[in-house]
Structure formats: structure tokens, C-alpha cells
Number of protein chains: 2
Amino acid sequence: MARRSDHSRQELTELALDKSLEIIDEKGLSGFSARAVAERMGYTVGTLYNVFGSYDGLIFRVNARILDAWHAALAAGLHKTKKDKMRYLAYAYLDFAGRHYNRWTTLFEFHAKSSPPDWYRDRIDRHFRLIEETLLARTQDPHQNRRRAKVLWASIHGICILALGGKLDVVGSDSAKTLIDDLLENYLGAA
Amino acid sequence: MARRSDHSRQELTELALDKSLEIIDEKGLSGFSARAVAERMGYTVGTLYNVFGSYDGLIFRVNARILDAWHAALAAGLHKTKKDKMRYLAYAYLDFAGRHYNRWTTLFEFHAKSSPPDWYRDRIDRHFRLIEETLLARTQDPHQNRRRAKVLWASIHGICILALGGKLDVVGSDSAKTLIDDLLENYLGAA
DNA sequence: CATAATATTGAACAGTGTTCAATATTAATT
DNA sequence: AATTAATATTGAACACTGTTCAATATTATG
């Protein structure tokens with residue numbers, strides 16, 4: 001039996017999240033389970049439930065981790081970019097989704113039974129604000145800006161999720177990148 | 001015990017698909033299970049597996065039904081529409097997704113372990129061709145046409161899935177319809 | 001009418017999230 | 001230091017999932 005002094009509560013959550021991402025990287029969400037995580041931690045399901053309360057509670061934390069990494073990857077290069085920030089953002093979006101495909105799809109394949117906690121919604125908002133602020137360099141009208149941000153956000157998401165999921169017959173020249181180029185060219189070029 | 005003369009094989013599949021859609025309409029994919037379908041049919045799981053082979057096999061058939069209904073809804077009004085067919089198509093897309101939300105999300109929430117059968121891919125292609133052909137009225141270059149169809153297809157999909165899923169803060173004026181309008185206006189207006 | 005063929009059943013299996021009494025470990029108190 | 005209170009950990013149990021398959025019931029065939 002694992003002694004309770006082996007890991008503090010915080011170390012325990014850290015360990016759980018690490019092992020969770022490990023499993024997701026290896027097998028995706030379908031290979032993910034509470035018992036699988038517990039086993040890799042060297043603990044049992046009970047302990048996991050004592051820490052996270054429920055399966056949903058655990059995955060929300062895992063997804064928050066993924067969102068944090070994703071946001072960091074987007075924001076990092078954005079500050080260094082001077083011209084055409086919007087295009088950089090879209091590329092970086094696609095790049096992360098492709099590089100960490102299993103983590104990225106987990107964000108959307110997971111359908112919680114309960115509604116997301118506040119700290120999770122905050123991370124979604126933060127993600128969205130990135131596009132909104134990048135667009136702000138182009139437009140001044142805040143209403144129009146928000147609407148355009150939503151359209152671009154949703155469109156880029158749609159392109160990534162269908163293209164990377166192999167549901168758009170994207171081969172050769174018509175890669176996901178090309179589609180994003182086409183979207184930005186025509187949508188923003190006209191606006 | 002149900003006699004095997006009660007329903008022919010075809011009647012059996014029909015019954016199963018009907019009950020499946022019934023459950024999905026009521027509870028969504030999370031309330032859907034092989035046993036639940038069998039129970040409503042008045043049979044047992046074994047019979048269901050004898051007919052459909054596997055859970056994935058069943059759901060692919062259910063989803064094909066949903067795609068058929070969706071395609072019919074899109075195509076029906078499209079032929080009657082004269083001007084701005086593209087806008088009609090996008091509206092009809094959104095309308096079906098909203099009117100039969102549980103059926104629509106089932107199409108995307110279901111993640112098969114096996115790759116889809118040919119007759120399923122055909123239905124996806126047929127769906128995509130609708131946009132492609134509608135666009136053809138605008139452009140002549142087939143390469144450009146295909147690319148634009150993909151971009152629009154993915155973008156509209158992204159808008160619907162995020163907006164209807166409540167992940168875009170779409171309230172008041174910024175409804176999903178408004179976003180679609182904005183997309184078509186700017187993307188096609190420039191092209 | 002006997003036999004071959006097959007449709008249907010229901011129990012069994014391994015897996016899932018979830019709960020919770022029993023136990024082991026630590027902290028607090030005397 | 002010994003006892004007691006508090007809590008972390010366990011593992012069995014529950015209801016559910018998809019899946020399999022021998023046994024049985026039903027129908028078709030010779």
C-alpha cells in the first residue's frame with residue numbers, strides 16, 4: 001500500500017496529470033481510463049477519485065493542461081511576429097493540432113456529462129481572446145471585431161478538425177495550410 | 001422468445017434503425033447502447049449482433065440514415081432556390097443541425113474503432129458534392145472550385161458545431177446565422 | 001416425419017465509471 | 001510515549017458497456 005506521505009496532494013495531482021498525458025499521447029482518449037492512470041501512478045482508482053472527485057473532474061484538469069500548452073505555443077511566437085499576425089496564429093493553431101494530435105483531439109472528443117467549471121471556461125475564453133486581439137490590429141469597431149473573431153475561430157477550427165481527421169480529402173496541394181491560406185486571403189482580404 | 005418469422009431480416013434492420021433514432025432523439029448518443037436498442041425492439045443483443053455484426057456496424061447504419069435525411073433536406077429546397085443558392089445551403093445546413101440536434105451531433109460524437117465502409121464514405125462524398133456543385137455556378141476553374149468548397153464546407157461546419165454546442169457565446173445579434181452571413185459575405189464577396 | 005440449417009437467447013467475459021466500508025497511515029491529544 | 005482522532009488508501013462490489021458463443025427454439029429441407 002502506498003503511504004500517504006509518499007506524495008503530497010499536489011504531487012499526487014501532478015503525477016496523475018503527467019501519466020494521463022502519457023497515456024493520451026500513446027493511445028489517445030480511447031485508451032484512457034481512470035484505472036489506467038491509477039496503475040501508472042502506482043495507486044488505485046479510489047485515490048484518484050479522492051483527488052479529482054470524478055472522471056469528468058480528472059479530464060477537465062487534463063484538458064486544461066492541454067489548453068495551457070496550446071495557448072503558450074500560440075502566444076509565444078505571436079509576440080515575435082510583426083506582420084500578418086493573423087496568418088501566424090492560424091498556422092500555429094494548425095501546427096499544434098498536427099504535432100500533438102492525440103492531445104488536441106482529446107479536447108474535442110471528450111464530452112462531459114457535467115458543464116465545465118469556471119476555470120475551464122476561462123481558458124477557453126483566453127484562447128478565443130488571442131484571435132480577437134490579433135484582429136483588433138485590423139479593425140476598430142469592437143462589434144464587428146468580435147464577430148469576425150468568432151467566424152475565423154470557428155472556420156479555422158472546422159478546417160483543422162476535418163482536414164486532420166482525414167475527412168476533407170486533403171492531399172497534395174490542397175493541404176490544410178492551403179485551405180487556411182485561402183480562407184484568410186478571401187475572408188480578410190475583403191473585410 | 002421472439003419467433004424468427006416475426007420479422008424478416010430486412011424488417012429487423014428497419015426496426016433496429018427506427019428504435020435507434022428514437023433513442024438518439026430522446027437521450028442523444030450517451031443514452032444509446034446495443035442493449036437499449038434490442039430491448040425496444042423486443043429482442044436481445046445477440047439478435048442485434050447477428051444482424052449488424054458489431055456496435056460500430058450498427059451506428060454506421062444509423063448515421064447513414066441521418067446523413068440521408070440531412071441530404072434530402074438540403075437537396076429538396078436547393079432545387080427550388082434560384083438566386084443565392086449558397087446562402088440557402090448554409091442556412092439549411094444550420095437548420096437541420098438545430099432541428100435535429102441529437103441526430104446531428106451523433107454524426108460527429110461517434111468515433112468508430114474501424115474505418116468507415118464504402119457506402120458510408122459515399123454518403124459523405126455526396127454531401128460534400130452538394131456544396132461543390134452549388135459553388136460551380138460561381139466559378140469555372142475546377143481546382144479553385146474544389147478548394148473553395150472545402151473551405152466553405154469546413155467553415156460552416158465549424159461555425160455550426162461551436163455555435164450550437166454553446167462554445168461561441170452566440171447571443172442576440174451574433175447568432176449562428178449572423179456568423180454564416182458574415183462568412184459568405186466576406187469570403188464569397190471577395191472571391 | 002426426421003434431419004439439417006439457422007435465428008434467438010441469455011449467460012459469461014473483460015472492460016468502464018463510481019461508491020464506500022474496511023484498513024493503514026499520520027496527526028493531535030493526553 | 002501511548003492513546004485517540006483524522007484521513008489517505010485500498011479493493012471489493014455495483015451497474016453498466018461491447019462482445020462472444022454454446023444451448024435452445026424455430027423453420028426449412030430431404
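Protein chains get the first letters and strands the later ones, always in sequence-line order, with residue 1 at the start of each.
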Net bend of the helix from dT3(C)-dA28(D) to dT30(C)-dA1(D), end axes of five pairs each, nearest 10 degrees: 20°
Can you tell me the distance, in whole Å, between the [atom1] atom of [X] and the [atom2] atom of [N]?
| X | N | atom1 | atom2 | result |
| --- | --- | --- | --- | --- |
| Y49(A) | dT16(C) | OH | P | 11 Å |
| L48(B) | dG18(D) | CG | P | 10 Å |
| L29(A) | dG17(C) | CG | C1' | 13 Å |

Donor-acceptor pair, side chain of N186(A) and main chain of N186(B), under 3.5 angstrom: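 The answer is no, because no donor-acceptor pair under 3.5 Å joins these two groups.
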Expected output: side-chain N145(A) to main-chain Q140(A) donor-acceptor under 3.5 Å: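 Side chain of N145(A) to backbone of Q140(A): no pair is present.
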Distance flag, aromatic centroids of Y187(A) and Y187(B), threshold under 6.0 Å: no
W70(A)/H100(A) aromatic ring centres below 6.0 Å: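 Here the rings of H100(A) and W70(A) have centres that are no less than 6.0 Å from each other.
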Touch class at under 4.0 angstrom, heavy-atom based, for L12(B) against every strand present: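 Sugar-phosphate contact only - L12(B) comes under 4.0 Å of backbone atoms but never of a base.
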Hey, are [X] and [Y] close enough for a salt bridge, meaning a charged N less than 4.0 Å from a carboxylate O?
| X | Y | result |
| --- | --- | --- |
| R61(B) | E14(B) | no |
| R126(A) | D68(A) | yes |
| R147(A) | D182(B) | yes |

Side-chain N or O of K113(A) closer than 4.0 Å to phosphate OP1/OP2 of dT18(C): yes
Those residues of residues 50-59 of chain B lying under 4.0 Å from DNA chain D by at least one heavy atom: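 S54(B), Y55(B) - these, ordered by number, are the residues of the stretch whose heavy atoms sit under 4.0 Å from the strand.
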Contacting residues from residues 32-46 of chain B, given that a heavy atom lies under 4.0 angstrom of DNA chain D: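 S33(B), A34(B), R35(B), V45(B), in order of number.
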Residue pair D84(A) / Y91(A), side-chain donor-acceptor N/O under 3.5 Å: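 Looking only at side-chain atoms, Y91(A) and D84(A) do not form any donor-acceptor pair under 3.5 Å.
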Residues Y43(A) and D6(A): side-chain donor-acceptor under 3.5 angstrom: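 Distance-only check fails for Y43(A) and D6(A).
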Which pairs, protein N/O on one side and nucleotides 25-27 of chain D N/O on the other, fall under 3.5 Å?
unit_1: dT26(D); atom_1: O2; unit_2: R4(B); atom_2: NE; d: 3.4
unit_1: dT26(D); atom_1: O2; unit_2: R4(B); atom_2: NH2; d: 2.1
unit_1: dT27(D); atom_1: OP1; unit_2: S5(B); atom_2: OG; d: 2.6
unit_1: dT27(D); atom_1: O4'; unit_2: R4(B); atom_2: NE; d: 3.3

Pairs of donor and acceptor atoms involving the side chains of residues 22-39 of chain A, under 3.5 Å and at least two apart or interchain, shall be tabulated with distances.
unit_1: E22(A); atom_1: OE2; unit_2: R40(A); atom_2: NH1; d: 2.8
unit_1: D25(A); atom_1: OD1; unit_2: R103(A); atom_2: NE; d: 2.8
unit_1: D25(A); atom_1: OD2; unit_2: R103(A); atom_2: NE; d: 3.2
unit_1: D25(A); atom_1: OD2; unit_2: R103(A); atom_2: NH2; d: 2.7
unit_1: E26(A); atom_1: OE1; unit_2: R40(A); atom_2: NH2; d: 2.8
unit_1: E26(A); atom_1: OE2; unit_2: R40(A); atom_2: NH1; d: 3.2
unit_1: S33(A); atom_1: OG; unit_2: A36(A); atom_2: N; d: 3.1

Given R148(A), R146(A), K150(A), the one that forms side-chain hydrogen bond (donor to acceptor under 3.5 Å, both in side chains) with E132(A): R146(A)
Counterpart residues, ring-ring contact (aromatic ring centres under 6.0 Å, His included), relative to F52(A) (two or more places apart):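 So F52(A) forms no ring-ring contact (aromatic ring centres under 6.0 Å, His included) with any residue.
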Pairwise side-chain contact, L89(A) with I156(A), heavy-atom cut-off 4.5 Å (strictly under): no
